[in-house]
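Data block below; observations after.
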Amino acid sequence: MKLSKSFVPTLKETPNEAVVTSHILMLRAGMIRMLSAGIYSFLPLGYRVIRKISEIIREEMNAIGGQEFHFPGLNPKEIWEQTGRVEAFGDTLFHVKNREYVLAPTHEEIVASTAKNHIQSYKDLPQIWYQIQTKYRNETRPRSGVIRGRQFLMKDAYTLDATTEGLDKGYMLHDQAYRNIFDKCGIDYFVVGASSGAMGGAGSEEFMIKSDAGEDTVAHCTKCGYAANLEVAISKIDSKLRDDKSEEVKEISTPNVKSIDELCEFLKIDETQCAKSRVYIADEKPVLVLMLGNDEVNEVKLQKEFGGNVRPAHPEELIEITGAEAGSIGPVKYQGRIIADNRLKDANNLYSGANKNDFHLGGIDLKRDVKGIEYFDLRFVSSGERCPNCNNKLDVFTAIELGHIFKLGTKYSEALGATFLDEDGNEKPIIMGSYGIGVERVMACYIEQHNDENGIIWNKTLTPFQVHLMGLNMKNEDVANTSDSIYEKLISENIEVLYDDRIDAQAGYKFKEADLLGMPIQVIVGNKKLNENKVELKLRATGERMDVDIDELISKVQELLK
RNA sequence: CGGGGCGUAGCGUAGUCCGGUUAUCGCGCCUGCUUUGGGAGCAGGAGGUCGCAAGUUCGAAUCUUGCCGCCCCGACCA
C-alpha cells in the first residue's frame, strides 16, 4: 500500500478526548476515529489489525471444531422477553423505536432458538457454534476508547451438549483455545476464576491483562498464577498476636481524633494496636464490624457472610445504636452482634472507640471484654501480602477483561424450549456454554502492552503491514527507482508492505511516522547507503539497525519474518 | 444517573474571572522557491455559526438561563 494514495490520518498531537495509551495511539496512528461516545470507525490501518486478530481467532475456533455463523443483530423483542432478559439488561439493551425489535447485546437467545428448531437428538450433539460480530450495548458510560464501547466486535462461541461431561469437555477446549489465541497475539495475560454474574450458570474464567485502563481490581501471583478479583481475594497476613499479659481497660480523652491515623499520631502507637469499628445494617439489624488498624471492610465478603442486604449505617443511626459518632465507636459494652476480621482473633491490649464522643479505650481484650464475638475474613488484600497458595508476594492492580468463558447450563435452553431426546428417549434441555472475546479489546490491550514514547510496537502477527518501506528523498531518481523496485519485489514475495513514497515528506517526518505506526521491520532507502548498493533495515522493537545489500534484502526480510 | 472538567479553524491552544476595533498563537492545509537521515526554512495565502438556542446590553467568545456534545471519578458493566 502506497502512503501517497492512502487514508492514514496520523496526528502529531494528542487529541483532547483521549487519555489511555491505547486510545491515544490508535487515534494518532490513524487507525480509528470516534463517531460518537463509544462508537468508533475503524480506518484502513486499524481494520487490518482487526482482521488479523479475527483470523487468529477463527483458526483456533475451527481447530476445536467450531462452526462460524452470522447471526442477526436485529432481534425480535419477544425472544428476549421469553428469557427475562429485556428486564435483566434493562437500559443496557438498545430498543428500536418504530418496531418491536432490540439490538442484540449478545446471542444466547438466538443460539438457543436456532437449536430448538433443529437439534432433536443426542446424536446431533455436541455442537460448537461461533460468530465474530458487532454487539450493541447502551453502556451508561463508554470509556477508554475502544475498550468499553456502545457497539463492539465480539467473538462469541456457544457449546451445545447433552451431558455435563460434554460441557466440561467443551469448556476445556475453549480454555486451551483462548490460551492459544492470546499467546499467538503476543498478549501477556492471566486467568481469573470468577462468578459468571448476570449470565447465570456455574464455573467461569476471565482472561485479563494488567492495565491502568482496567475496570476490575485483582490480586495476582506471578509465581503460581493465583488470581482473584479483589472482592474475593485472600492472602496470608499476620494477625495481631495476643500479648502475654492483658492490661486493664482504660478510658482516654481523645478530642477531635476520628481516624485510625489520627489516633496513632495522638497516642504514639502503631495502627496494628487499633481495632477500627464500622457499623453495618444487615437485614435491618445493626452489626458492629471490627477491623485491625486501617484495614478496609470488604463489603462483598461481608455480604457473603450475611447473605441478605448489607449497608453501612447512616450517621443518625450510629448515634442511636452506639451513642457515639463515627470515630469514637468501639466494641466494649456495645449491645448487639459483633463480628471481627480474622486478624483480630483473640487479640488483647487494643485501642478502640469508647462509644462516647472524643473518647477511646485502651487495654481492650477481645476475649475478656467482648462476648460472643465472631471472626471472619472481611478485609481487602493489598500488594505485597503473601499468596495463599505459594507464599510469593501478591500484586494488586487494575485489569482489563479480554475474554470470558463460562458454563451456562440450561437457563436459555429451558426458557426457549431447546430440548433433545437422550438415549432413553427422555426429553432434556440442551446444556450450554458461552465463550466471549472482545476483538477490539485484544487490539487495545496489545497496544497497552507494546508501545514506547515513539508509538506502537507491532509484532509480526498482528501488524497491519509486515514491512514499512521508506524512500527518503523521492526526488532523487536513484532513491525513487530503488524504492519502487523493492516495493514490487516485496509484494511479489507476498510480503505486506506499507510504502512511504511521498515526494514532499521530509526524512525525519517519515522516521517519526514509521515509529508511530510501529511496523516490525522498517526498510530505509537513502542516497548515502545507496552509493554502496545498500539499504538500511531497522527493527522497531529493539531499534537495531543493519545495512543490507540490496540483493540480499528480500531474503533478509523473509528470515526476520519467520 | 450523581459529582467534576471541558467545548474557540482539521489538531493543540490564548483570550472568558473584570463585555468594547478586524478573535491569539503553534501544528497541519494551499501556492512558490529552497531543503531532504529524526515531525524542515523563507515568502505569500485559504480556513471561524467562538457547541446550540434564548435572554441581558448601545455592544457578548466573555454575563444569565436552558439544551447538546466530549472527557474523568463514582454507580453500573457477558
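In what follows, chains are A, B, ... by sequence order, proteins preceding strands, each numbered from 1. Keep in mind that this is a model prediction, so the values were computed, not measured.
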Of all pairs that satisfy salt bridge (Lys or Arg N to Asp or Glu O under 4.0 Å), the ones with a partner from residues 541-550 of chain A, not counting sequence neighbours: Lys529(A)-Asp547(A), Lys534(A)-Asp549(A), Glu536(A)-Arg545(A)
Side-chain heavy atoms of Gln127(A) within contact of Ile119(A), under 4.5 Å: yes
Touch class at under 4.0 angstrom, heavy-atom based, for Phe152(A) against every strand present: base
Atom C1', compared across A14(B) and U8(B): separation rounded to whole Å: 10 Å
Distance, P atom - from G7(B) to A54(B), rounded to whole angstrom: 22 Å
Span that lies between the C1' atom of G12(B) and that of G3(B), in whole angstrom: 28 Å
Nearest-angstrom distance from the residue atom OH of Tyr509(A) to C1' of C29(B): 11 Å
Aromatic ring proximity Phe94(A)/Tyr136(A), centre distance under 6.0 Å: no
is_close_aromatic(Trp458(A), Phe465(A)), centroid dist under 6.0 Å: no
Spacing between Glu453(A) atom CD and G39(B) atom P, to the nearest angstrom: 15 Å
Over 12 non-hydrogen atoms of neighbours within 6.0 angstrom of CD in Glu87(A): no
Euclidean distance, atom CZ of residue Phe94(A) to atom C1' of C77(B) [Å, nearest integer]: 14 Å
Under 3.5 Å on both distances, the Watson-Crick or G-U partner of U56(B): none
Nucleotides 2-11 of chain B: which of its N/O atoms have a protein N/O under 3.5 Å away?
residue : atom : partner  : partner atom : Å
C11(B)  : O2   : Glu13(A) : OE1          : 3.4

Whole angstrom value for the distance that separates P of U13(B) from NZ of Lys12(A): 15 Å
Pairing nucleotide - A9(B), Watson-Crick or G-U, each distance under 3.5 Å: none
Closest nucleotide among C70(B), G39(B), C77(B) to the Glu17(A) side chain: C70(B)
Aromatic plane relationship, Tyr189(A) with Phe207(A) - under 30° parallel, 30 to 60° tilted, over 60° perpendicular: tilted
Selected nucleotide, minimal atom distance to Arg28(A) side chain, candidates C77(B), G39(B), C71(B): G39(B)
Separation of C70(B) P from Leu27(A) CG (nearest whole Å): 14 Å
Atom-to-atom span, CD of Glu401(A) to P of C76(B) - whole angstrom: 16 Å
Passing candidate, salt bridge (Lys or Arg N to Asp or Glu O under 4.0 Å) with Asp295(A), options Lys276(A), Arg379(A), Arg278(A), Lys301(A): Arg379(A)
Distance below 4.0 Å between Ser36(A) side-chain N/O and C70(B) OP1 or OP2: yes
G15(B) and A61(B), which share atom name C1', separated by this distance in whole Å: 8 Å
Residues, nucleotides or ligands: over 12 heavy atoms within 6.0 Å of Tyr101(A) OH: no
Protein-to-nucleotide contact annotation, 5' to 3' order, nucleotides 31-37 of chain B [B base; S sugar-phosphate only; - none; under 4.0 Å, heavy atom]: ----BBB
Any strand: nucleotide that pairs with A75(B) via Watson-Crick or wobble, under 3.5 Å: none
Whole-Å gap separating C1' (C77(B)) and CD (Glu206(A)): 11 Å
Watson-Crick or G-U counterpart of G37(B), or none if no pair lies under 3.5 Å: none
Integer angstrom distance from the C1' of G69(B) to that of G51(B): 7 Å
Validation row: Thr114(A), Phe71(A) side chains within 4.5 angstrom (heavy atoms): yes
Nearest-angstrom distance, C1' atom, U57(B) to C63(B): 10 Å
Glu109(A) side chain reached by Gln82(A) side chain, heavy atoms, under 4.5 Å: no
Evaluation steps, side-chain hydrogen bond (donor to acceptor under 3.5 Å, both in side chains), between Asp501(A) and Tyr487(A): CA-CA 10 Å; Asp501(A) 61 332; Tyr487(A) 178 60; over 6 Å; no
Watson-Crick or G-U wobble partner of U31(B), both distances under 3.5 Å: A43(B)
Rounded C1' spacing from G55(B) to G47(B) in Å: 31 Å
Residue whose nearest RNA chain B nucleotide is more 5′ - His23(A) or Gly403(A): His23(A)
Between G48(B) and U24(B) - P atom distance, rounded Å: 13 Å
Separation of G28(B) P from Glu513(A) CD (nearest whole Å): 12 Å
